[in-house]
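Each remark here refers to the structure printed beneath this line.
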Number of protein chains: 2
Amino acid sequence: MLDDALPEPDLESRVNDRDHQALKLWLRLLACTTRIEDQIRQRLRADFGTTLPRFDLLAQLERHPDGLSMRELSQRLMVTGGNVTGITDQLEAEGLVQREPHPSDRRSFTVKLTAAGRRQFKRMAATHEGWIVELMAGWDKEQKSQVYELLAGLKTHLAETTRK
Amino acid sequence: MLDDALPEPDLESRVNDRDHQALKLWLRLLACTTRIEDQIRQRLRADFGTTLPRFDLLAQLERHPDGLSMRELSQRLMVTGGNVTGITDQLEAEGLVQREPHPSDRRSFTVKLTAAGRRQFKRMAATHEGWIVELMAGWDKEQKSQVYELLAGLKTHLAETTRK
DNA sequence: TATTGTTATACTCTATAACTATA
DNA sequence: TATAGTTATAGAGTATAACAATA
């Protein structure tokens, strides 16, 4: 098997000969994504002094120039409200985002990127994409396309299966 | 696009129309694996009162009946030594593993599963595999096989690319 | 000197629950 | 009553660095 040629032990090495297809696939999938994610975290910290959750929050705001409420951010980032408060506090202290009062609901805010936040995110996003291109270079264009389409099916299944 | 039919916003929704193939693929990949991993963590906690790192450590020991040193565990689990000490302490307190003195090197231990640890791990592993089968059921056998083979290429590339 | 493992410390991310202000 | 957001707290997981014992 191709894989036995790889000397480095890692999370996938937890798999056993008797194990079944789904499990083997999952462990290999996990090994790959973990490795990429670790790289991204390391590089975000080293090059930009930031973290993946902070980057993710900025990315959501960049997609929504009109801003998002704390609750919407919480849903999109899939974390609880208290955490969004914390991350938003940090980003606001860095001057990258700001809370604006909601026009009609005085309980709520609209969180938006500042001009500085937008500039900074654009810089980070461009670099980040370069990292991804580099890390995914193990697949050619056609292979990427194949996996992308295959993942659509898995994603749909997960959305239907994993409520809460 | 198939994906626009999915209403639920998640991490993949950070992607933008102008973004490129590698990035879109990565975000979809990350969304799927994160979702599965979150499920596994939740279920390990709910059903067995344990965590993924603890499960992973037991899995490594199950594959190595002769035991592993702390250093080997650290490498295989890809975490620093201090963390392995902590996780091993917990598992030892639960009676699932034990440290045995290394025969020739008095600085070192060999960590092994206890009989209880082996029994408990077998139970957990069987349940765990059922979860994985369920969560990966979005792909049929042929699709699983395809992705498995494709991942081999990515994994090799990552092993060659991401040294520290 | 280098290595094995432990300890101490600190930081990030996370969830839960109690709380306030408003709807 | 319900909802938006905050605060407080606790716990898991991680890294770093200083340390003791041994090689």
Side-chain angles (χ1 to χ4, degrees), chain A residues 11 30 34-35 37-46 48-58 67-94 97-112 164, chain B residues 11 30 34-35 37-46 48-58 67-94 97-112 164:
Chain A
L11 292 175
L30 185 60
T34 299
R35 190 142 200 165
E37 203 180 344
D38 285 353
Q39 284 289 313
I40 299 300
R41 287 184 197 275
Q42 268 185 293
R43 296 179 186 189
L44 278 176
R45 175 161 305 283
F48 296 110
T50 194
T51 64
L52 202 45
R54 266 179 269 192
F55 182 79
D56 285 343
L57 194 152
L58 294 179
L68 293 169
S69 70
M70 299 298 276
R71 187 162 170 282
E72 287 169 326
L73 281 170
S74 166
Q75 290 173 333
R76 285 172 186 280
L77 299 173
M78 297 189 288
V79 296
T80 52
N83 299 310
V84 175
T85 297
I87 298 173
T88 303
D89 285 350
Q90 295 171 342
L91 292 172
E92 196 162 30
E94 295 171 34
V97 309
Q98 65 187 57
R99 290 171 167 94
E100 293 178 6
H102 186 100
S104 62
D105 186 339
R106 288 193 308 175
R107 294 170 306 180
S108 183
F109 306 108
T110 302
V111 186
K112 292 184 183 175
K164 175 63 193 167
Chain B
L11 292 176
L30 184 60
T34 300
R35 190 141 200 165
E37 205 181 343
D38 284 352
Q39 284 289 311
I40 299 300
R41 287 183 197 276
Q42 268 184 250
R43 295 179 187 190
L44 278 177
R45 175 162 305 282
F48 296 109
T50 194
T51 64
L52 200 44
R54 266 179 270 191
F55 182 80
D56 285 344
L57 194 152
L58 294 178
L68 294 169
S69 69
M70 300 298 276
R71 188 163 169 281
E72 287 169 327
L73 281 169
S74 165
Q75 290 172 333
R76 285 173 186 280
L77 299 172
M78 297 191 289
V79 297
T80 53
N83 299 309
V84 175
T85 297
I87 298 173
T88 303
D89 286 349
Q90 295 171 341
L91 293 171
E92 198 163 29
E94 295 170 34
V97 309
Q98 64 186 60
R99 289 170 168 94
E100 293 178 4
H102 186 99
S104 61
D105 186 338
R106 290 194 306 177
R107 292 171 307 181
S108 183
F109 305 110
T110 302
V111 186
K112 291 184 183 175
K164 179 58 192 166

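Numbered from 1 within each chain, the chains take letters A, B, ... in sequence-line order.
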For [X] and [N], what is the distance between atoms [atom1] and [atom2] respectively, to the nearest whole Å?
| X | N | atom1 | atom2 | value |
| --- | --- | --- | --- | --- |
| B:L44 | C:dT14 | CG | C1' | 17 Å |
| B:D89 | D:dG13 | CG | P | 14 Å |
| B:E100 | C:dT4 | CD | P | 19 Å |
| B:R71 | C:dG5 | CZ | P | 8 Å |
| B:I87 | D:dA15 | CD1 | P | 10 Å |
| B:R45 | D:dG11 | CZ | P | 11 Å |

Does [N] have OP1 or OP2 sitting under 4.0 Å from an N or O in the side chain of [X]?
| X | N | answer |
| --- | --- | --- |
| A:R99 | D:dT6 | yes |
| B:S69 | C:dT4 | no |
| A:S108 | D:dA4 | no |

Answer with base, sugar-phosphate or nothing: what part of the nucleic acid does [X] contact at a heavy-atom distance below 4.0 Å?
| X | value |
| --- | --- |
| B:T88 | nothing |
| A:T80 | base |
| A:S74 | nothing |
| B:N83 | base |
| B:S104 | sugar-phosphate |

Exercise for the section: Answer whether the closest heavy-atom distance between the side chains of B:D89 and B:R99 falls below 4.5 Å. Expected result: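 With C-beta onward as the side chain, the pair touches.
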Problem - Whether A:S74 side chain and A:V79 backbone form a donor-acceptor pair below 3.5 Å - result: yes
Practice task
May I ask you to verify whether the side chain of A:R106 and the base of C:dT22 hold a donor-acceptor pair under 3.5 Å?
Solution key: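 Such a pair does not exist between side chain and base.
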Practice task
Would you give the length of the straight line joining atom CE of B:M78 to atom CD of B:Q75, rounded to the nearest 0.5 angstrom?
Solution key: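 Reported to 0.5 Å precision, the distance equals 11.5 Å.
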